[in-house]
Amino acid sequence: MALTALDLGLRGAVVGLFLVVCAVLLLRTAAVHRAAHLGAALGVAGAAYAISTAPYFPLWSFGWNSPFIALAMGSPVILWLWARAIFDEDFALRPWHGAVWVLVAGLGLMTFNGSTNWPGLAVLCGRLLALASIGFALLAVAQIPKGWRNAIATARGRLLVALIVGISVQIVLSAGAGLAAIPFRAISLTVALGLGTFGVLSVWMMVFDPPENLPAVAAAGGGNGQAARAAGSVADAGLSASDHAALHRLKHLMATERSYRQEGLTIGVLAVRLGMPEYRLRALINDGLGHRNFNAFLNRYRLDEAKAALADRGQAEVPVLTIALDAGFQSLAPFNRAFKADTGLTPTEFRRRAAAGPTTAAPEITSSY
């Protein structure tokens, strides 16, 4: 009884975790990212799986329990579609994808709800369901090589890979246990522990930023704007056509709309606005543009704008703090540190030299690529 109580408690927590994942995905990214709805659907399917495979859950007849079983048993198809949406840029949902899900979910319903009236058919459907589940789990893992290089470059990308592989392994093991006629109650607690692990990882990935999102030291990227742009040009040479298009959209957001001024701007927010996975945007910033992290990328724009304002003799009476805040810095201290690291001068010294010398051309913010 103690193990059963632990199993049920874990499953209750799992349902809550997966519902949090669904809410975060739908609220933060569903409007612009195609994978968000599938991720939310996978969360719902995971919650349904935790409920429908729990001890004492009624499986023997069609009724109110059928939607839970259909959602749970169709989860391998959703996992496969989610993996495709993440790693395959050419993927688009088609009507036949829905038909495949209906077919697999129907096998699940017949396996469990039909076992009372059609036991022979239920056994056959159970075997087909197990084979289909294993097949779709393997297909999900097969999507990873399409985006492997970009995914493993970030903590969040590595978590995505770990989730897809982990969920696929659990699906394969559970389906294999069914084919081997191992009673589900023998592995129920193990399944609950696995679901709990996936739920915790998903919530951590969706709600909290990974380590590389933490604020960096305010240095703007090691050197002046021209050096950073040169590094970006070199790294940019090997990018694909889709990456170039994404960089063009990014350039418009930063140089034309000046999104770097936005308070609280994070790479996750920017990825949502661009409609791309965060790990891919991070790879473009790091590999395509040559910036060491997202903070360095933002500070490049902010510092170029600040230097242009400080060199503008028409703004000689504008306080340094005002210029720093207008450029997107939250306070004077981090601005001073970043500015000194980038130019070797304090903002006041930079302004004084600009005023004493010939007219200084403003840094060209729009040429950051």
*Which is it for V191 and R11 under the side chain to side chain contact (heavy atoms under 4.5 Å, CB included) test, yes or no, and what are the steps along the way?*
CA-CA 9 Å; V191 169; R11 290 170 183 275; 4.2 Å; yes
*Same apolar cluster (I L V M F W Y, side chains within < 4.5 Å links), L179/Y49*: no
*Around atom CZ of F68, are there more than 12 heavy atoms of other residues, nucleotides or ligands at under 6.0 Å?*
no
_Using modelled atom types and a 3.5 Å cut-off, is there a donor and acceptor pairing between side-chain atoms of N293 and backbone atoms of A296?_
yes
*So, the side chain of S66 versus the backbone of G63: is there a donor-acceptor pair under 3.5 Å, distance only?*
yes
*Test item: S174 side-chain N/O and I171 main-chain N/O as donor-acceptor pair under 3.5 Å*: no
*Would you say the side-chain atoms of T111 pair up with the backbone N or O of G126, donor to acceptor, closer than 3.5 Å?*
yes
*Starting from the C-alpha separation in whole Å, work towards a yes-or-no answer on side chain to side chain contact (heavy atoms under 4.5 Å, CB included) for L250 and L284.*
CA-CA 10 Å; L250 178 61; L284 288 177; 5.6 Å; no
_Transitive ILVMFWY side-chain link L93 to F87, under 4.5 Å_ = yes
*To the nearest 0.5 Å, what is the distance between CG (L310) and CG (L345)?*
11.0 Å
*Would you say I144 and V172 are hydrophobically clustered, going by side-chain heavy atoms of ILVMFWY under 4.5 Å?*
no
*asked:* Strictly distance-based, threshold 3.5 Å: is any side-chain N or O of Q143 a donor or acceptor partner for the main-chain N or O of L139?
replied: yes
*Supply the atom-to-atom distance L121 CG to L128 CG, rounded to the nearest 0.5 angstrom.*
9.5 Å
*According to the interplanar angle, ranging from 0 to 90°, do the rings of W80 and F136 count as parallel (below 30°), tilted (30 to 60°) or perpendicular (above 60°)?*
tilted
*Would S202 and L17 satisfy side chain to side chain contact (heavy atoms under 4.5 Å, CB included), going step by step from the backbone distance to the final call?*
CA-CA 8 Å; S202 299; L17 289 173; over 6 Å; no
*Counting only heavy atoms not in R127, do more than 12 fall under 6.0 Å of its CZ?*
no
*What distance do L10 atom CG and S188 atom OG have between them, rounded to the nearest 0.5 Å?*
9.5 Å
*Report the C-alpha distance between L79 and L42 in whole Å, list the side-chain angles of each, state the deciding distance to 0.1 Å, and finish with yes or no for side chain to side chain contact (heavy atoms under 4.5 Å, CB included).*
CA-CA 6 Å; L79 174 66; L42 187 61; 4.0 Å; yes
_Does L3, at its CG atom, have more than 12 non-hydrogen atoms belonging to other residues, nucleotides or ligands within less than 6.0 Å?_
no
*Hey, could you give me the CZ/NE2 distance between R249 and H252, rounded to the nearest 0.5 Å?*
11.5 Å
*Output the distance between atom OH (Y260) and atom OH (Y301), rounded to the nearest 0.5 Å.*
8.5 Å
_Point-to-point distance, once rounded to the nearest 0.5 Å, from CD1 of I267 to CZ of R282_ = 4.0 Å
_hydrophobic_cluster_shared for W118 and L103, side chain cutoff 4.5 Å_ = no
*Taking the side chain as every heavy atom from C-beta outward, state whether N65 and S52 have any atom pair closer than 4.5 Å.*
no
*Got a donor-acceptor contact below 3.5 angstrom from the S75 side chain to the L71 backbone?*
no
*Kindly say whether G328 contributes a backbone atom to a donor-acceptor pair with the side chain of Q330 at under 3.5 angstrom?*
yes
*asked:* Are F329 and V318 linked, directly or through intermediate hydrophobic residues, by side-chain heavy-atom contacts shorter than 4.5 Å (ILVMFWY only)?
replied: yes
